[in-house]
2 protein chains.
Amino acid sequence: MLSNSCRYGIRAIIYLASLPQTKGKTGIKQIAKDLELPTPFLAKILQQLAKQKILNSTKGPHGGFSLLKDSKNITLLDIVKTIDGEEIFTNCIIHNETCSSVDRSKKSCPVHDDFSRVRTDLIKLFRNKTIYDLVRTAKSEEIFI
Amino acid sequence: MLSNSCRYGIRAIIYLASLPQTKGKTGIKQIAKDLELPTPFLAKILQQLAKQKILNSTKGPHGGFSLLKDSKNITLLDIVKTIDGEEIFTNCIIHNETCSSVDRSKKSCPVHDDFSRVRTDLIKLFRNKTIYDLVRTAKSEEIFI
DNA sequence: AGAAAAAAATATTCTTATATCTTTTTTATG
DNA sequence: CATAAAAAAGATATAAGAATATTTTTTTCT
């Protein structure tokens, strides 16, 4: 459903958000090591998130990544849109193109109505779930990312 | 969300189910042409469905494919399981492995509970939706597959 | 039996996502 | 200013899904 890139991105942001406030930048190597993800691949992803002003990145000694926005203002939807785009929210489940909810000139498909209900729930979930929420849940349930 | 293979398979089955009862076998070329799908690729998919006893296939002159089961007894879930497997129903959205709803020994992930609600709805949809339903919907709304 | 039609099986190519490697740029610090 | 640390950028490799091409098997019909 989500690409690896997107999942890695989400996990990295949860990771950064769960570090103590006092911690400044964190290097890519450290992040990749702790999350057991491929370093250069993760770097690419974090660069995309930095371009979208979700992350802050600084080069040079003591450089690294940190959250640019407050974790209460970063939703799963922000990350998914940045990395995977909006296709998963618009594409039909059985056709390649988008269904008529988006483009009214096209005839609908027979699964359309039922599926769009489920999809709407999914979008709501992504839109309402902030990184702050996730970190809180993770901490209260002693879950590691 | 679903692979191309799976979507093509679903469409082919809806296609076959919407043919008049009197029609016997339909050749792969005909199906591929009408649905505008790549012929040999679609053939592979229909072979999988034939192995799962969803379709009937016969070789030789006047051979082709037809439904083996009544369209009321074929659900979307049957097709999805056959072609894409069960991963989409078990995999976590942010981890690679399955979450703890399946394997209780693993710690859950922070999105788990919310996501599994949406996923359960999706599974219900796939399980309850029969090909017969889809053909009826398509006909009543003058939709083509 | 032989020819033709059709699916099955096999092998190959193409494309894209995933992953890695190398070089370049930036910046803090001695 | 020189050096080193770190990310950015670019180029390259790998794997999987998607698509195509070719050969084989099965079956019907003459």
Side-chain angles (χ1 to χ4, degrees), chain A residues 1-13 16 23-68 80 82-85 87-88 91 94-96, chain B residues 1-12 16 23-33 35-68 80 82-85 87-88 91 94-96:
Chain A
M1 170 163 240
L2 300 180
S3 69
N4 278 358
S5 299
C6 192
R7 293 198 307 233
Y8 296 173
I10 292 170
R11 289 176 60 197
I13 290 188
L16 288 173
K23 180 106 178 58
K25 309 282 177 192
T26 308
I28 181 72
K29 280 181 201 159
Q30 183 71 48
I31 303 172
K33 189 185 155 209
D34 287 346
L35 296 178
E36 297 176 35
L37 298 176
T39 308
F41 189 49
L42 183 60
K44 288 276 163 62
I45 297 161
L46 298 194
Q47 283 164 29
Q48 285 184 270
L49 292 165
K51 274 191 192 130
Q52 285 298 314
K53 310 288 183 199
I54 294 170
L55 290 183
N56 191 281
S57 87
T58 51
K59 296 180 175 182
H62 309 294
F65 293 90
S66 63
L67 291 191
L68 188 53
V80 173
T82 299
I83 299 176
D84 280 351
E87 293 78 30
I88 67 161
N91 276 0
I94 67 170
H95 294 101
N96 285 310
Chain B
M1 170 164 237
L2 299 181
S3 69
N4 278 359
S5 299
C6 191
R7 293 198 306 235
Y8 295 173
I10 292 171
R11 290 175 59 196
L16 288 173
K23 179 106 176 60
K25 309 282 177 194
T26 307
I28 181 71
K29 280 182 200 158
Q30 183 72 48
I31 303 172
K33 189 184 156 209
L35 297 178
E36 297 176 36
L37 297 177
T39 307
F41 189 50
L42 183 60
K44 288 275 170 61
I45 298 161
L46 299 194
Q47 283 165 30
Q48 285 184 267
L49 292 165
K51 276 193 193 129
Q52 285 299 313
K53 310 286 183 200
I54 294 170
L55 290 182
N56 191 281
S57 88
T58 50
K59 296 180 174 183
H62 309 296
F65 293 90
S66 62
L67 292 191
L68 187 54
V80 173
T82 299
I83 298 176
D84 281 351
E87 293 78 30
I88 67 161
N91 276 0
I94 67 169
H95 294 101
N96 285 311

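The analysis underlying the following values was restricted to heavy atoms, covering all of them including side chains, and did not include hydrogens, waters or symmetry mates. Since we're looking at a predicted model, the values are computed, not measured. Below, chain A is the first sequence line, B the second, and so on; all start at residue 1.
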Asks: Closer than 4.0 Å, any side-chain N/O of A:N4 to the OP1 or OP2 of C:dA19?
Replies: yes
Asks: Heavy atoms only, 4.0 Å cut-off, all strands: where does B:S3 land among base, sugar-phosphate and nothing?
Replies: sugar-phosphate
Asks: Please state whether the phosphate of C:dA7, meaning OP1 or OP2, lies under 4.0 angstrom from any side-chain nitrogen or oxygen of B:T58.
Replies: no
Asks: Round to a whole Å and report the spacing from CD1 of A:I28 to P of D:dA8.
Replies: 8 Å
Asks: For D:dA18, does either OP1 or OP2 sit under 4.0 Å from a side-chain N or O belonging to B:S5?
Replies: yes
Asks: Expressed in angstrom and rounded to an integer, what is the separation of B:L37 atom CG from D:dA19 atom C1'?
Replies: 12 Å
Asks: Regarding A:G63, tell me which of base, sugar-phosphate or nothing describes its non-hydrogen contacts under 4.0 Å with the strands shown.
Replies: sugar-phosphate
Asks: Per the side chain to side chain contact (heavy atoms under 4.5 Å, CB included) rule, which among A:L55, A:L16, A:N56 passes with A:L49?
Replies: A:L55
Asks: When the distance from CE of B:M1 to P of D:dG17 is rounded to whole Å, what number comes out?
Replies: 17 Å
Asks: Mind checking B:P40 for me? I need base, sugar-phosphate or nothing, with any heavy atom below 4.0 Å counting as a touch.
Replies: base
Asks: On DNA chain C, does the nearest nucleotide to A:L2 precede the nearest nucleotide to A:G60 from the 5' side, or the other way round? Give the residue.
Replies: A:L2
Asks: Specify the closest pair of heavy atoms between A:R11 and A:L37, including all atoms of both residues, with the distance to one decimal.
Replies: NH1-CD2, 3.9 Å
Asks: Write down the distance between CD1 (A:I88) and C1' (C:dA17), rounded to a whole number of angstrom.
Replies: 16 Å
Asks: A:N56 CG to D:dA8 C1': how many Å, rounded?
Replies: 14 Å
Asks: Spell out, as yes or no, whether a donor-acceptor pair under 3.5 Å connects the side chain of B:K29 to the backbone of B:I31.
Replies: no
Asks: Using a heavy-atom cut-off of under 4.0 Å over every strand shown, decide if B:K44 touches base, sugar-phosphate, or nothing.
Replies: base
Asks: Closest heavy-atom contact between B:K25 and B:G64?
Replies: CD-O, 3.7 Å
Asks: Counting side-chain heavy atoms from CB outward, which of D:dA5, C:dA9, C:dA19 is closest to A:F41?
Replies: C:dA19
Asks: Does B:I88 reach the side chain of A:M1, with side-chain heavy atoms less than 4.5 Å apart?
Replies: no
Asks: Among D:dA8, C:dA19, C:dT20, which nucleotide has an atom closest to any side-chain atom of A:Y8?
Replies: C:dA19
Asks: What's the closest nucleotide to the side chain of B:H62 if the choices are C:dA9, D:dT28, D:dT20?
Replies: D:dT28
Asks: To the nearest 0.5 Å, what is the distance between NE2 (B:H95) and CG (B:N91)?
Replies: 12.0 Å
Asks: Looking only at side-chain atoms of A:K59, point me to the closest of D:dA6, C:dA8, D:dA19.
Replies: D:dA6
Asks: Can you tell me how far P of C:dA8 sits from CG of B:L46, to the nearest Å?
Replies: 8 Å
Asks: To the nearest angstrom, how far is B:I45 atom CD1 from C:dA8 atom C1'?
Replies: 15 Å
Asks: Please state how far atom CZ in B:F65 lies from atom P in C:dA6, giving the value in whole angstrom units.
Replies: 12 Å
Asks: Classify the nucleic acid contact of A:T39 as base, sugar-phosphate or nothing, counting any heavy atom under 4.0 Å across all strands shown.
Replies: nothing
